[in-house]
Amino acid sequence: MSSLDQRMGYARARHRWPLKVGLVLLALGACLCVSLWLVSLRLPIPFVDEGVHFAQIRQFLAGDWSQHPKLTTLTLYHASMAVALMTLQALGEWLNLPLAADTLAGRWPEMPSVNWVRGLSLLGFSVMACMAWRALPSVYRRLDPMLDESDAQQQANRQSWQWLWLPIIFPYLALVYTDPWIIVLVALQLVALVRERRLLLLVLILAGLGLRQDSIVLLGLWGGLLLFMTHAQAGAGSQAIGMAPPLRSPLRQLSVWWALIVRWWWVAVIPVAAFIGFVVWNDGIAMGDTTRHQAGWHTGNLGYYLGVIGVVFLPLWLADLPRQWHLLWRLCTRGTWPWRGILLLGALAGVWVMLVMSFEVTHDYNFQRWTIRNSWLLWLNEHPVGLWVTMSLTTSMALWWLRAPLRLGHGGLLLVMLALMICTRELIETRYMLPLIAVFQLLRCAERPQVERAMTLWAMAMGALLLAGLVLTRTLP
């Protein structure tokens, strides 16, 4: 913990966990263990993308450290799993407790069961998620110095709990997927950014690139949040000593930006240089089977992903609908010529038409109906009326996300990052937006207590429901 944190009062208090927090952690651990048991019971062999990830791990365990031909990402996750399994194997042999072999005789002789990898992956995620949760109260107090310690801890507990249970996150926690590790690394990167741990942030960014090379786009998000944080700190400092708001002068802004570049340039330059070197060496971003990951620009993807955001955060969006109505009513009725309200309505209508006209399903993977995502996409593709109605709701969801109050940054920055992350891909895959979902959930300001309770219940219900769908019908979100 830095001395600055201690002087400013942001340091985490060292006290024993209350009984309630301990019971909640125990309940969460039990839920995760039950989910792992259910997945292992109902899905005894690798499921969907688990197949290629598990094949890469088995290849490492066999002594072949080359890239699997069907794997499109870098292999830090797989190497970590292989090293952990080798360590467990050596420990088991030393204790005369050999690592369990796969229950399917002859399928993968002398190889560990996929359930071992699932358990190790879940354990690694849980450890990193606990680290992020423990650091969140100090992050919230840095972003809001008026927030006392107990409120910061309470908000961190609630928003971390909701984050783990979000319906597009929870079902993947017990699977051999890189996504759980990606989102928890994003949470740790956010913590390192706010606490200004530059070296730690650099290490976490490089680790994220090792898990999935396209996470380089998150550098834009961290740079934008850093600018917001610098301006917020300067404003808070000037108000504390009774001075006028700073950064109104262009020269003052340039000096602040130059100071940021001097302090932070290597945190951005080193990952960018590593990424450029990788692209030159690999002759592209994707590895392995690159035919399924062609680059391009697909504006229509925004409609689906904004719809997913609205469904995932349904209580928050519903709570914002009256505010949207009052905003439009106030802008359209104020003054003799309510041009601002008319411009806003025109912009919303333009977004609505753009989302409808640009929507398309072209990737062959999205025509397979064994996922909820693909079933929804094909229904929208086959029912024009449903598409128009859905995109009208999606336009409202975009307005909500744009206006949603955040502890740091602005919803517009998240919308820009969402477009960069998902419109550059032809394949529509819900998991691609998980990093931004994590950032929004951890940075959003607390709603009314009734809304927060509804959000908690909604996240738990949808997460459990989708996990049940996975183990009972083998259907992914």
*Asks:* Between His363 and Tyr365, what is the ring plane arrangement, given parallel below 30°, perpendicular above 60°, and tilted in between?
*Replies:* perpendicular

*Asks:* If only atom types and distance count, is the side chain of Asn374 paired as donor or acceptor with the main-chain N or O of Phe367 below 3.5 Å?
*Replies:* no

*Asks:* Looking only at heavy atoms, which two atoms of Ser35 and Phe170 are closest? And how far apart?
*Replies:* CB-CZ, 4.4 Å

*Asks:* Say whether, by atom type as modelled, one donor and one acceptor occur between the side chain of Trp458 and the main chain of Val311 under 3.5 angstrom.
*Replies:* yes

*Asks:* Calculate, to the nearest 0.5 Å, the distance between atoms CD1 and CG belonging to Ile169 and Leu466 respectively.
*Replies:* 12.0 Å

*Asks:* With Arg198 as the cation and Trp266 as the aromatic partner, state whether NZ or CZ is under 6.0 Å from the six-membered ring centre and within 45° of the axis.
*Replies:* no

*Asks:* What heavy-atom pair brings Leu316 and Trp400 nearest, and what distance separates the two atoms?
*Replies:* CB-CZ2, 3.6 Å

*Asks:* Can you find a heavy atom in the side chain of Trp165 that is under 4.5 Å from one in the side chain of Cys31?
*Replies:* yes

*Asks:* Rounded to the nearest 0.5 Å, what's the gap from CZ on Arg195 to OG on Ser138? Could you check?
*Replies:* 4.0 Å

*Asks:* Side chains of Leu218 and Ile205, heavy atoms from C-beta outward: is any pair under 4.5 Å?
*Replies:* no

*Asks:* Please tell me whether Arg212 and Thr178 have a donor and an acceptor in their side chains that are separated by less than 3.5 angstrom.
*Replies:* yes

*Asks:* What heavy-atom pair brings Leu414 and Leu436 nearest, and what distance separates the two atoms?
*Replies:* O-CD1, 3.7 Å

*Asks:* Begin from the C-alpha positions of Val416 and Leu221 and carry the test side chain to side chain contact (heavy atoms under 4.5 Å, CB included) through to its verdict.
*Replies:* CA-CA 9 Å; Val416 171; Leu221 175 62; over 6 Å; no

*Asks:* Please determine, by modelled atom types, if Tyr304 and Thr394 share a side-chain donor-acceptor pair under 3.5 angstrom.
*Replies:* no

*Asks:* From Leu185 CG over to Leu76 CG, what is the distance, rounded to the nearest 0.5 angstrom?
*Replies:* 8.5 Å

*Asks:* Check whether Thr475 reaches the backbone of Leu470 with its side chain - one donor and one acceptor, N or O, closer than 3.5 Å.
*Replies:* no

*Asks:* I want to check a possible cation-pi pair here: Arg58 against Phe54, using under 6.0 Å from ring centre and within 45° of the ring axis as the test.
*Replies:* yes

*Asks:* Do we see a donor-acceptor contact under 3.5 Å between the side chains of Gln162 and Arg444?
*Replies:* yes

*Asks:* Can we say Glu50 and Arg474 salt-bridge, meaning some charged N sits less than 4.0 Å from an Asp/Glu carboxylate O?
*Replies:* no

*Asks:* Decide yes or no on side-chain hydrogen bond (donor to acceptor under 3.5 Å, both in side chains) for Gln155 and Asp151, but give the supporting numbers first.
*Replies:* CA-CA 6 Å; Gln155 293 180 20; Asp151 287 342; 5.7 Å; no

*Asks:* In this structure, which one of Tyr77, Tyr177, Trp116 forms a side chain to side chain donor-acceptor pair (under 3.5 Å) with Ser121?
*Replies:* Tyr77

*Asks:* Mind checking what makes salt bridge (charged side-chain N to carboxylate O under 4.0 Å, His left out) contact with Arg42, not counting sequence neighbours?
*Replies:* none

*Asks:* Calculate, to the nearest 0.5 Å, the distance between atoms CG and OG belonging to Leu209 and Ser215 respectively.
*Replies:* 4.5 Å

*Asks:* In the structure I gave you, are the side-chain heavy atoms of Glu196 and Met229 within less than 4.5 Å of one another anywhere?
*Replies:* yes

*Asks:* With ring centroids as reference points, do Trp401 and Phe440 lie under 6.0 angstrom apart?
*Replies:* yes

*Asks:* Measure the spacing between CG of Leu321 and CG of Leu399 and express it to the nearest 0.5 Å.
*Replies:* 9.5 Å

*Asks:* Less than 4.0 angstrom from a charged side-chain N to a carboxylate O is my criterion; do Arg141 and Asp148 meet it?
*Replies:* no

*Asks:* Given Leu314 and Met455, is the side chain to side chain contact (heavy atoms under 4.5 Å, CB included) satisfied, shown in steps?
*Replies:* CA-CA 8 Å; Leu314 184 62; Met455 182 64 211; over 6 Å; no

*Asks:* Go through Ser66 and Gln59 one step at a time and tell me if the side-chain hydrogen bond (donor to acceptor under 3.5 Å, both in side chains) criterion holds.
*Replies:* CA-CA 8 Å; Ser66 61; Gln59 185 174 308; 3.0 Å; yes

*Asks:* Nearest 0.5 Å, please: how far is CG in Leu164 from CD in Gln159?
*Replies:* 12.0 Å

*Asks:* Could you tell me which non-hydrogen atom of Asp320 sits nearest to which non-hydrogen atom of Arg403, and how far apart they are?
*Replies:* OD2-NH1, 2.9 Å

*Asks:* Looking at side-chain heavy atoms only, is the closest gap between Ser160 and Leu136 below 4.5 Å?
*Replies:* yes

*Asks:* When you look at CH2 of Trp65, are more than 12 heavy atoms from neighbouring residues, nucleotides or ligands closer to it than 6.0 Å?
*Replies:* yes

*Asks:* If we count only N and O atoms by modelled type, under 3.5 Å, do the side chains of Trp317 and Ser396 hold a donor and an acceptor together?
*Replies:* yes

*Asks:* Picking from Leu193, Leu199, Leu201, what satisfies side-chain contact (heavy atoms from CB on, under 4.5 Å) with Val267?
*Replies:* Leu201

*Asks:* Does the side chain of Leu219 reach to within under 4.5 Å of the side chain of Pro271, using non-hydrogen atoms?
*Replies:* yes

*Asks:* Would you call Asp49 and Arg431 a salt bridge, taking side-chain N to carboxylate O under 4.0 Å as the test?
*Replies:* yes

*Asks:* Between the main-chain N or O of Leu74 and the side-chain N or O of Gln213, is there a donor-acceptor pair closer than 3.5 Å?
*Replies:* yes

*Asks:* Can you tell if the side chain of Ile182 reaches within under 4.5 Å of the side chain of Leu434, non-hydrogen atoms only?
*Replies:* no

*Asks:* Test side chain to side chain contact (heavy atoms under 4.5 Å, CB included) on Ile309 and Met433 and set out the steps.
*Replies:* CA-CA 9 Å; Ile309 290 172; Met433 65 185 297; 3.2 Å; yes

*Asks:* Taking the side chain as every heavy atom from C-beta outward, state whether His68 and His53 have any atom pair closer than 4.5 Å.
*Replies:* no

*Asks:* Answer yes or no: is there an ion pair linking Arg407 with Asp144, defined by an N-O contact shorter than 4.0 Å?
*Replies:* no

*Asks:* Locate the shortest heavy-atom distance separating Trp163 from Ala187; write the atom from each residue and the value.
*Replies:* CH2-CB, 4.0 Å

*Asks:* For a 4.5 angstrom cut-off between non-hydrogen side-chain atoms, does Met421 reach Tyr432?
*Replies:* no

*Asks:* Can you name the closest pair of heavy atoms from Val114 and Pro46 and give their distance?
*Replies:* CG2-CG, 4.0 Å

*Asks:* Looking at His78, is its backbone amide N or carbonyl O close enough to the side chain of Thr75 to form a donor-acceptor pair, meaning the two atoms are under 3.5 Å apart?
*Replies:* no

*Asks:* Tell me, with the steps shown, if Ile270 and Leu202 meet side chain to side chain contact (heavy atoms under 4.5 Å, CB included).
*Replies:* CA-CA 8 Å; Ile270 294 176; Leu202 173 62; 3.9 Å; yes

*Asks:* Which side chain to side chain donor-acceptor pair (under 3.5 Å) pairs, counting each pair once, include a residue from residues 267-279, with sequence neighbours left out?
*Replies:* none

